[in-house]
Amino acid sequence: MAAPKRMVPGFAILLLLLGCTVMAVDLYSANTNPEVQEFQRVELSCVIKHTNTDNPRVEWKKIRNGDISYVFFDNIIQVKPVVPQCKVPKSVPVGKSAVMHCQEKEGYPSSVYRWYRNGDPLPDDSKSNPKFLNSSFMQNISSGTLVLGSVNKGDIGQYYCIASNAAGSARCEAQLLEVYDINIGGIIGGILVVVLVLVLITVGICCAYRKGYFANSSRSNGQSYKNPSKTDGVNYLRTSDEGDFRHKSSFVI
């Protein structure tokens, strides 16, 4: 039994290419509402009736809900990037480095990446733009990595990344980077307090040993037993009555 045919408005169900766009050209399609069996081949037509240019650019685009998913041009499918995954550290101390990542793997050709701070595009190198002379960063548009060499309060802001190729672009949500000062005095004070506590504990233990507190405690808690030495050469035999002894042998003189 053959699979039923389906109407595919906009070719959204089978994810086919929709429409053709030609500038300064009069064209038509022989089949604007094709009916095809699912998972079967279908042929779309784009006939040029008249053109004002010798070499018109013809592109097929797949559009769904007003959004272009991919483009077919010059026998090559160009897929629009999906929303990239962006990783921005939440907070970084002044003077430390920070690394941000932006990546997506659906776009074709491969996407290029551009980082933005508070809506302003960042150059590849902060030294190339006078606006960012107070910052120190470099970004790799191929890998999507943004490296802040030594952050300062001027680097605080909302960061997001845009992935783009010939078929379109997509951006991630903005994320806040905060920069805070390191409390050097507090750190040194904490270290001194810990050292002082350790010194006091050590002195207390030494004083206790010198006064014999630990030695007396060990003697009182310990138990020792010595067998009585037989100095008289007499063997004693215990009877049934406790404390009653009788001689087993006579004294040896």
Side-chain angles (χ1 to χ4, degrees), residues 12 15 61-71 76-202:
L15 302 180
K61 297 183 178 180
K62 187 265 178 178
I63 304 175
R64 185 174 185 178
N65 298 327
D67 188 23
I68 300 176
S69 298
Y70 56 82
V71 177
I76 298 176
I77 294 180
Q78 298 166 326
V79 182
K80 177 184 176 181
V82 297
V83 175
Q85 296 182 353
C86 298
K87 297 180 180 180
V88 177
K90 294 183 178 180
S91 59
V92 181
V94 172
K96 297 295 183 179
S97 62
V99 181
M100 304 181 189
H101 301 276
C102 178
Q103 193 70 38
E104 72 85 28
K105 298 182 180 180
E106 299 297 328
Y108 183 84
S110 298
S111 297
V112 294
Y113 305 93
R114 180 68 62 186
W115 280 96
Y116 291 74
R117 182 176 69 193
N118 299 326
D120 297 327
L122 299 180
D124 297 343
D125 189 345
S126 58
K127 298 179 181 179
S128 63
N129 191 327
K131 184 178 181 179
F132 302 98
L133 289 179
N134 293 329
S135 298
S136 176
F137 63 79
M138 294 186 66
Q139 68 171 325
N140 189 319
I141 63 174
S142 299
S143 64
T145 302
L146 174 64
V147 179
L148 304 180
S150 179
V151 300
N152 56 57
K153 291 299 182 70
D155 295 318
I156 297 175
Q158 297 282 347
Y159 288 79
Y160 64 87
C161 169
I162 294 181
S164 60
N165 62 13
S169 62
R171 57 162 286 182
C172 62
E173 293 294 329
Q175 302 178 43
L176 176 63
L177 171 68
E178 295 183 347
V179 180
Y180 61 90
D181 294 316
I182 299 178
N183 189 355
I184 303 297
I187 295 175
I188 296 176
I191 294 175
L192 292 177
V193 170
V194 172
V195 172
L196 179 60
V197 171
L198 293 176
V199 170
L200 292 176
I201 293 175
T202 303

Note to self: Run the side-chain contact (heavy atoms from CB on, under 4.5 Å) test on R117 and Y159 for me, step by step, so that the C-alpha distance in whole Å, both residues' side-chain angles and the decisive distance to 0.1 Å come before the verdict.
What the structure shows: CA-CA 5 Å; R117 182 176 69 193; Y159 288 79; 2.9 Å; yes
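- Contact between P109 and Q78 at its shortest, heavy atoms only, is CD-CG, 4.0 Å.
- Taking Y160 as the reference, Y116 meet the ring-ring contact (aromatic ring centres under 6.0 Å, His included) condition, with sequence neighbours excluded.
- Of all the heavy atoms in S135 and D155, the pair that sits closest is OG-OD1, 2.9 Å.
- The closest side-chain heavy-atom distance from K131 to L122 is not below 4.5 Å.
- Minimum heavy-atom separation, C102 to W115: CB-CZ2, 3.6 Å.
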Checklist line | Residue pair L146, Y113: steps toward the side-chain contact (heavy atoms from CB on, under 4.5 Å) verdict | finding: CA-CA 10 Å; L146 174 64; Y113 305 93; over 6 Å; no
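- For E104, the side-chain hydrogen bond (donor to acceptor under 3.5 Å, both in side chains) test picks out S111, with sequence neighbours left out.
- Residue N118 qualifies as enclosed at atom CG: its count of foreign heavy atoms under 6.0 Å is above 12.
- The nearest pair of heavy atoms linking Q139 to R114 is NE2-NH1, 2.9 Å.
- Expressed to the nearest 0.5 Å, how far CD1 of I191 lies from CG of L196 amounts to 13.5 Å.
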Next item on the list: Please step through side-chain contact (heavy atoms from CB on, under 4.5 Å) for the pair V99 and T145, ending with a clear verdict.
Entry: CA-CA 7 Å; V99 181; T145 302; 3.8 Å; yes
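- A pairwise comparison of heavy atoms in V179 and V151 identifies CG1-CG2, 4.1 Å as the closest pair.
- Taking OG of S143 as the start and CD of Q103 as the end, the distance is 7.5 Å to the nearest 0.5 Å.
- Contact detail for Y108 and N165: the closest heavy-atom pair is N-ND2, 3.3 Å.
- The local environment of CG in N140 is crowded, with over 12 non-hydrogen atoms from other residues, nucleotides or ligands closer than 6.0 Å.
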Listed pairs under 3.5 Å, donor-acceptor, residues 83-97 side chains, sequence neighbours left out:
none

